[in-house]
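What follows is a short report on a single structure.
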Amino acid sequence: MNIDGITLSFLVRELKETLLGEQIQRVQQIDKHTLMLASSSTHKQRNLVFHVGATPAVYLTEGIQDVAKEPTGLALFLRKHLEGARFSEIKQLYDDRIIAFTIDKLTLGGDISSKVIYMELMGRHSNCIITENGQILESLIHVSPVMSKERHISPKLPYELPPNAERMSVGDFDETTLQEILTTYPQETISKTIRSLFNGFGNALLDEVLFRAGQLSVDSPFTPAIAKNVATALHTVYQQAKESQTLYEYGPKRLLSPLPLQHRGEVLHTYDALSPLLQEEQQRLGGMATFQRQLLDQVKKALKKEEERHKKILQEMKEIQNAELLKWYGDLLMIYAYLPHQYESSITVDNVLQEMEWDVPICKALKELQQEPQVTIPLEPN
């Protein structure tokens with residue numbers, strides 16, 4: 001499920017309403033790409049999941065039961081720093097797909113120790129990074145200089161935002177200022193102009209802005225004449241999305257939007273929370289390698305190994321089922337080795353082994369040939 005920055009703000013508001021002030025009770029690592037923070041309040045337990053695998057997401061869940069019994073080294077390290085802390089601030093950075101969770105913990109000396117968890121939902125570059133005083137403590141994925149020349153992620157390094165994360169937010173400007181910005185920093189097309197200046201606009205919301213600005217297309221060239229309409233559409237779409245309390249689903253390919261899309265068809269469903277949809281998507285795609293899934297993968301691997309072994313045995317049995325017949329042919333060829341039969345496909349000889357007795361069961365083909373006075377032996381492989 002592809003969530004753009006503006007739609008992600010719907011989730012951020014949901015997380016704020018649920019988690020602010022709650023205490024982290026337990027840290028668990030589900031798999032190498034997934035962390036879960038179990039928190040509690042006077043109402044009920046909450047579980048915050050950070051997943052940076054093939055389908056990156058952050059969401060609230062009632063819990064994941066089939067987790068590994070033994071904690072990982074990363075889980076033990078994070079328990080020391082995070083357990084007992086409270087969520088003091090949750091915010092989205094620059095309308096981008098980055099959520100910063102600030103947590104405060106009371107130290108033994110009576111001081112407040114603050115740490116920030118940055119959840120970066122950047123597709124295959126997604127990561128969950130835990131920092132203190134601007135320095136990285138740990139992360140789910142370490143990025144070495146060999147892996148990336150632009151940005152390195154490793155303990156004790158200073159935390160830096162992803163490239164282009166600090167683009168402007170539409171919400172910081174009024175319509176007149178937006179028009180001036182668009183006119184001052186134009187690109188070849190209107191869509192490139194918007195995306196080079198502002199964060200948060202995915203394909204669906206960008207199409208909505210262009211539609212409201214005069215049914216423009218993504219390839220429409222930017223001209224000062226359309227700057228006013230585009231600025232008005234940008235401001236309107238942004239404000240409606242930020243104030244929305246409802247998510248709208250469109251088809252045929254599942255699309256979620258925080259506001260009704262005038263350029264799309266009929267609304268299929270409406271929702272008041274994003275976390276259940278993200279959890280449902282993770283379960284449907286099997287994104288997390290939970291303990292149950294690990295066992296299932298092991299069983300599948302064992303079954304596949306046995307199937308290959310069975311095929312190999314059947315092939316070997318097929319190859320040796322006529323072993324007695326081939327041995328008999330070989331014995332006859334040794335007896336008649338003096339005969340000239342170069343470059344012939346077969347040779348016919350007298351069956352001098354006609355009266356031979358076998359100590360083991362022999363194949364049907366050999367039994368029949370034993371009764372023949374002469375035998376034709378093939379000299380070329382089938």
Side-chain angles (χ1 to χ4, degrees), residues 5 8-9 11-13 15-16 18-29 32-41 46-52 56-58 60 71-122 125-169 172 199:
L8 189 65
S9 64
L11 175 65
V12 174
R13 184 167 62 242
L15 295 175
K16 284 182 179 180
T18 306
L19 293 177
L20 285 182
E22 293 199 356
Q23 187 179 56
I24 299 173
Q25 300 292 333
R26 201 66 171 165
V27 177
Q28 290 180 300
Q29 185 173 10
K32 65 179 182 179
H33 292 141
T34 312
L35 283 177
M36 184 173 72
L37 307 185
S39 63
S40 65
S41 65
R46 312 283 188 182
N47 296 279
L48 179 63
V49 175
F50 300 100
H51 179 68
V52 298
V58 53
L60 293 167
T72 63
L74 176 61
L76 292 174
F77 176 81
L78 294 181
R79 285 177 183 179
K80 174 184 175 183
H81 290 276
L82 303 184
E83 287 185 357
R86 294 185 182 274
F87 291 98
S88 61
E89 185 180 17
I90 301 173
K91 64 179 181 179
Q92 183 181 9
L93 303 184
Y94 307 103
D95 284 331
D96 205 354
R97 292 167 295 171
I98 305 174
I99 306 177
F101 298 82
T102 302
I103 57 173
D104 294 337
K105 184 176 182 179
L106 185 64
T107 65
L108 295 177
D111 299 325
I112 299 294
S113 172
S114 295
K115 295 176 180 63
V116 181
I117 303 174
Y118 291 95
M119 184 62 189
E120 302 175 356
L121 300 168
M122 302 291 185
H125 300 293
S126 298
N127 209 341
C128 179
I129 305 171
I130 299 90
T131 68
E132 183 176 21
N133 298 324
Q135 189 178 68
I136 298 174
L137 288 177
E138 259 300 352
S139 63
L140 274 176
I141 299 176
H142 292 181
V143 181
S144 66
V146 177
M147 300 168 62
S148 174
K149 295 181 180 179
E150 294 184 354
R151 187 170 178 242
H152 308 153
I153 300 174
S154 185
K156 299 184 179 180
L157 290 179
Y159 175 76
E160 298 177 353
L161 288 171
N164 299 324
E166 297 184 13
R167 286 176 292 195
M168 294 179 286
S169 171
D172 294 337
N199 279 321

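Just so we're clear, the structure is a prediction, and the values are computed from it rather than from any experiment.
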Check step by step if side-chain contact (heavy atoms from CB on, under 4.5 Å) holds for I129 and V116. CA-CA 8 Å; I129 305 171; V116 181; over 6 Å; no
Take T72 and Q29 through the side chain to side chain donor-acceptor pair (under 3.5 Å) test and state the conclusion after the steps. CA-CA 7 Å; T72 63; Q29 185 173 10; 2.3 Å; yes
Apply side-chain contact (heavy atoms from CB on, under 4.5 Å) to residues I112 and L106 and explain how you reach the verdict. CA-CA 5 Å; I112 299 294; L106 185 64; 3.8 Å; yes
Working note: I103 + S114, criterion side-chain contact (heavy atoms from CB on, under 4.5 Å); need CA distance, chi angles, decisive distance, verdict. CA-CA 6 Å; I103 57 173; S114 295; over 6 Å; no
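Remark: side-chain polar atoms of N199 are paired, donor with acceptor, to backbone N or O of Y94 under 3.5 angstrom. R79 places a side-chain N or O within 3.5 Å of a backbone atom of V27 that can act as its donor or acceptor partner. Within the 3.5 Å criterion, the main-chain N or O of T102 finds a donor-acceptor partner in the side chain of S88. For T131 (side chain) and Q135 (main-chain N/O), no donor-acceptor pair under 3.5 Å exists by modelled atom type.
Within 6.0 Å of the CZ atom in F77, the count of heavy atoms belonging to other residues, nucleotides or ligands exceeds 12.
A salt bridge links E83 with R26: the closest approach of a Lys/Arg side-chain nitrogen to an acidic carboxylate oxygen falls below 4.0 angstrom. Using a cut-off of 4.0 Å between Lys/Arg side-chain N and Asp/Glu carboxylate O, R86 and E22 are scored as not salt-bridged.
Taking the six-membered ring for Trp and thresholds of 30 and 60 degrees, F50 and F101 have ring planes more than 60 degrees apart, a perpendicular arrangement.
The OG atom of S126 sits 7.5 Å away from the CD1 atom of I141 when rounded to the nearest 0.5 Å. Expressed to the nearest 0.5 Å, how far NE2 of H152 lies from CD1 of I136 amounts to 11.0 Å.
A salt bridge (charged side-chain N to carboxylate O under 4.0 Å, His left out) with K115 is found for one member of E89, E132, E138 and no other, namely E132. Under the side-chain contact (heavy atoms from CB on, under 4.5 Å) test applied with M119, the options L140, L48, I90, V52 reduce to a single match, V52.
No side-chain donor from either of Q23 and S39 sits under 3.5 Å from a side-chain acceptor of the other. Side-chain N/O atoms of T34 and H51 include a donor and acceptor closer than 3.5 Å.
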